[in-house]
Amino acid sequence: MATTVKFTLDGKSRSVKVEDPAMPLLYALRDDLKMKAPHFGCGLAQCGACTVHVDGEPVRSCVMPATAVKGKKVTTILGLGTPEKPHPLQTAFVEEQVPQCGYCVNGWMMTAAAFLKKKPKATDAEVREALAGLKCRCGTHVSIMRAIKRAQQQMGGAA
Amino acid sequence: MNAPMDFSASRREFFKASGALIVSVSMAGFVTEALAEIGANKPPLVPGELDSWVAVLKDGSVSAFYGKIDMGHCLDVAIAQIVAEELDVGFESVTVFQGDTATSCNQGGASGSTGISTGAKPLRSAAAEARRILVEAAAKQLAVPVDQLSVLDGVVSGGGKRVSYAELIGGKFFNSKVEWNKQVGNFMDIKVPAKLKSPSQYKVVGRSFRRRDVEGKVFGTMDWITEISVPGMLHGRVIRPVIAGAVPLKVDVGSIKKIPGAKVVREKNFLAVVAPKEWDAVRAAQTLKVEWSAATNPYPAMPKLHDHIRSAKVVKAETETNKGDVDAVFKTAARVIEAEYEWPFQSHASMGPACAVADVKADSATLWTGSQKPHYARDGVAVLCGLPPEKVHAIWVMGPGSYGRNDGGDAAIDAALLSKLTGKPVRVQGSRSDATAWDPKGPASVHRARAALDASGKVIGYEFISKGFSRVHIATNEADPRDSLAGQELGMPTNPVEGFGTPEDNYSFSSRRMGWETIAPLLDRSSPLRTSHLRDPVGPDVHFGSEQFIDELAVATGEDSVAFRIKYATKPRAAAAIKAAAEKAGWQTRVSGTAKSSGDILSGRGISYTERRGTIVATVCEVEVNRKTGRIWAKKFTVAHDCGIIINPQGLTQTIEGNVIHGLSRTVLEEVRFDANSVTSVDWASYPIVDIQDAPLSIESVLINHPEVAPTGAGEPTIRSIPGAIANAFFDATGVRLRTAPMTPERVLAALAAAR
Ligand code: FES
Ligand code: FES
């Protein structure tokens, strides 16, 4: 009954054997493929900690079945940038020393990255709207906003 | 100094080992190997040995062994700064190892904002002592008197000669005793012959060195507790009853037989499933059919919670402050003002459910834990497994922030019990509901305040009494399995302790009394509403009342809220902080609630001043209240913060900011919901916290530095000043007092309607 799901993960082709068609992508990424950055926060699409991009769109991998990414491009934060070639958001999050515990930070950066790609010149209010629903229990929201502004400047967005 | 012995652990090897995918497993292996290699030569890991605190490696780099942990508050960096300062080595050359029972003594873990205030003390002394020993050794070797030697970046020089720390001792043990004060935990300290530096000589302390954990978090390369994986490991999920206090009567093992490798594990009332694959453990937990015992309806109807607290029998009462003749003053008062405030149960609700991995063998055990008190977690596992503590190795690995005793302690004990019962290494990570419904809670409470005024309006009497559930019905750490859900499910006797708290004695009213009363838990065993420490235990709760009440007195006597506080503040440093916050915020002097705005959006500003074990915080909050929706938006905070000497300003600023937002969330949104027989706050929808839309536009921090004053802590002091500041700003905006937290839109609308 197991099906093999082939997809591209951070630019490399990978495959996972899926026993239960209901298994969320998050478990394929974490348990089978040992990816660290998408975290389990709620399993209910309520926090964003598990966010990855599927074909460029941010999705909550805790509720998307693994089988749904067959043939698609999945990007995690490792695919977003590296210390050598960082995404402007990563540079900005480091500059602003954003994360406290950091368990949430994947969700904020992945969601913001997808949004800024579409709308680099977004106003603060638009950014807040786009990020609504993401959780940060340590309360780093103000520095998240500072970092996003900084990244927008680097990307040639935001006034 | 005795003959130095060889010590092969080099930092490079440490890093090489930790580069592996399974960081902590490798590190644990490395530590064990290193210990075996140096075996008999290493002095025992006890606080009375200098080698337990600091080491100089072959390459001259320095290791500091910290028995607390940092969860993103820049504490390890601050410790490195302090050690570098006293040792006269470069900041970059100091590595701080933390939270591993094989490399550090039990300094209490993360607890009580003591990461620096008490946590840095033995490390500072140890670094100074190491310097003293090394400079004396250099004097001998160079034949130059000590008073002609100086140290820069780990090189001792004088009289035209020089020798480095690496040459003097690199890779060898000091084998030197220090005087331990015999305390374990937060107050562990040592005394040394070396003289500590005066703050006026500081070059490294006081600067904003950057955190060392940020890149790994931002680039997704860090290993978290959730990444720990041990060969042969099973995934476990503990099944807690839907009905509080219910126990499993019948378990239908066949209901999960289709799930590969899934098994039921049961010991008395402890029930769990394990499976080789994580998803299979999750779905087995969801699928398993269990017949539970009937509901006993242990909880009052939620709207009656505070009435229950008011009428419940007092189990323990304590008066912490009693000055003057309070009762007499109230009899002769020209005017008496009274108010009562209510605070709900609150959850730690960490960003992710806690995780732990345990490998329990017949004669030893290893625990990987995200608990903020790993040494105590080791002790708890040792008791649970009947092992001596030294046979249990606990390794702290960064997990979701915990803010007190969250579900991390239970995860550790659950994992150890499952490993013991299955004979395999077991990884446990809870569900969202384990983190929100089942963590130990901050206690609900009621606060009665009254003040006596003389004919001139002077406050001559003050009384503030809190009544609620104890803050420690469950101990603040997991050293005893009785204080864990698993222990209670196994039938261990419970061990509730009674304790609460009062505001600190901040105001100089001539007669004043502050005290507390605790009541019995609603359910004495395995209760999702059992109470323990939540960040700044009872601080926000108490000061939501006390700082509103001070404001009520200011208004009643026709005084400005800032001026009133300064008038009665007992210390010049407090008055200075209040002034600093007010000035920075552009405070408009007037009686609060007198400049009512019109339209749907009402604006106001409020102040609050609090202390916590020597740290003084004054906060000004500016709010907008939407009259139509009831939403309070705290737009701006200005925090003046005085915690003595500042070690790292940027770390401090961000610690303050986290406190502000956590405090905002707890003031306007957070309330654990329940019905007669269960907690119904099970996720983020039923336990809402602050969203980016609710976050303030800015938080301005005024850092007041007192290099001559020992550091008093910053992890918690700000949070207790937030509820009062918001509530007072709400009053200023609306002219209405809201004395029940959280100040949700529903409560705001009801309060505004009632005042109409
Ligand atoms: S874990 Fe997926 S949204 Fe919370
Ligand atoms: S930094 Fe801890 S949850 Fe956001």
Side-chain angles (χ1 to χ4, degrees), chain A residues 19-20 22-24 26-28 30-32 34-44 46-47 49 76-78 80-83 86 89-91 93-94 96-106 108-109 124 127-129 131-145, chain B residues 21 71-74 210-211 213-224 226-227 229 235 259-260 277-280 282-283 349-353 398-403 429 431-432 650 654-655 657-665 683-685 689-693 695-699:
Chain A
E19 214 44 77
D20 176 13
M23 181 173 84
L26 181 64
Y27 292 86
R30 288 191 55 85
D31 200 21
D32 294 307
K34 305 293 174 216
M35 301 301 295
K36 307 169 186 188
H39 291 295
F40 178 86
C42 64
L44 303 162
Q46 292 176 346
C47 76
T76 74
I77 211 155
L78 296 181
L80 196 66
T82 61
L89 274 169
Q90 288 172 313
T91 308
F93 271 60
V94 170
E96 295 290 343
Q97 302 270 287
V98 171
Q100 189 176 304
C101 81
Y103 201 79
C104 66
V105 83
N106 172 69
W108 293 95
M109 286 195 298
D124 279 5
V127 170
R128 281 175 177 246
E129 207 177 305
L131 301 179
L134 293 171
K135 304 291 184 288
C136 172
R137 190 53 169 148
C138 298
T140 66
H141 304 71
V142 175
S143 58
I144 288 171
M145 289 302 294
Chain B
L21 177 70
M71 295 186 105
H73 282 136
C74 203
R210 306 206 131 208
R211 298 223 330 256
D213 54 335
V214 168
E215 273 85 353
K217 291 171 177 177
V218 166
F219 290 103
T221 51
M222 191 180 97
D223 286 290
W224 299 75
T226 42
E227 267 80 65
S229 180
H235 290 272
I259 300 172
K277 292 204 64 178
E278 186 173 13
W279 175 246
D280 291 334
V282 172
R283 62 184 172 131
S350 289
M351 187 66 200
M398 184 76 204
S402 47
Y403 333 105
Q429 186 175 21
S431 65
R432 186 64 243 161
Q650 177 160 12
Q654 288 186 282
T655 299
E657 290 178 358
N659 267 276
V660 168
I661 298 201
H662 195 187
L664 163 64
S665 186
D683 58 13
W684 294 120
I689 62 165
V690 86
D691 191 87
I692 189 92
Q693 305 266 37
L697 293 180
S698 73
I699 300 171

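Chain letters run A, B, ... following the sequence lines, proteins first, then strands; residues in each count from 1.
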Could you check which of [options] has the highest count of heavy-atom pairs closer than 4.5 Å to chain B?
options: Lys135(A), Gln97(A), His141(A), Met145(A); result: Gln97(A)
options: Pro86(A), Cys42(A), Ala37(A); result: Cys42(A)
options: Leu44(A), Thr82(A), Leu134(A); result: Thr82(A)
options: Gly81(A), Gly41(A), Ala22(A); result: Gly41(A)
options: Ala28(A), Pro38(A), Pro24(A); result: Pro24(A)
options: Thr140(A), Ile144(A), Asp20(A), Leu26(A); result: Asp20(A)

Salt bridge present between Asp32(A) and Lys277(B) (N-O < 4.0 angstrom):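 Yes, Asp32(A) and Lys277(B) are salt-bridged.
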
For the interface with chain A, which of [options] has the highest count of heavy-atom pairs at distances below 4.5 Å?
options: Gly663(B), Pro353(B), Pro260(B); result: Pro353(B)
options: Arg283(B), Glu215(B), His662(B); result: Arg283(B)
options: Cys74(B), Gly401(B), Pro400(B); result: Pro400(B)
options: Asp213(B), Ile689(B), Val282(B), Val660(B); result: Ile689(B)

Heavy atoms only: give me the nearest [X]-[Y] pair and the separation to one decimal.
X: Gln90(A); Y: Val218(B); value: NE2-O, 3.3 Å
X: His73(B); Y: Gln100(A); value: NE2-NE2, 3.1 Å
X: Gly399(B); Y: Trp224(B); value: O-CZ3, 3.8 Å
X: Trp684(B); Y: Gln46(A); value: N-OE1, 2.9 Å
X: Asp691(B); Y: Gly133(A); value: OD1-N, 2.7 Å
X: Met351(B); Y: Cys104(A); value: CE-CB, 3.6 Å

Quick one: what part of [X] sits under 4.5 Å from any heavy atom of chain B, side chain, backbone, both or neither?
X: Asn106(A); value: neither
X: Asp124(A); value: neither
X: Glu129(A); value: both
X: Met109(A); value: side chain
X: His39(A); value: side chain
X: Val105(A); value: side chain
X: Tyr27(A); value: side chain
X: Leu131(A); value: both

Gln693(B) atom CD, neighbour heavy-atom count above 12 within 6.0 Å: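 Check passes, neighbour count above 12.
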
For Pro696(B), all residues meeting side chain to side chain contact (heavy atoms under 4.5 Å, CB included), sequence neighbours excluded: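 Only Val142(A), Phe637(B), Ile661(B), Leu664(B), Ile699(B) meet the side chain to side chain contact (heavy atoms under 4.5 Å, CB included) criterion with Pro696(B).
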
Tyr103(A) side chain reached by Thr226(B) side chain, heavy atoms, under 4.5 Å: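 Result yes, sub-4.5 Å side-chain heavy-atom pair found.
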
Nearest-0.5 Å distance, CE of residue Met398(B) to NZ of residue Lys217(B):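 If I round to the nearest 0.5 Å, the distance is 4.0 Å.
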
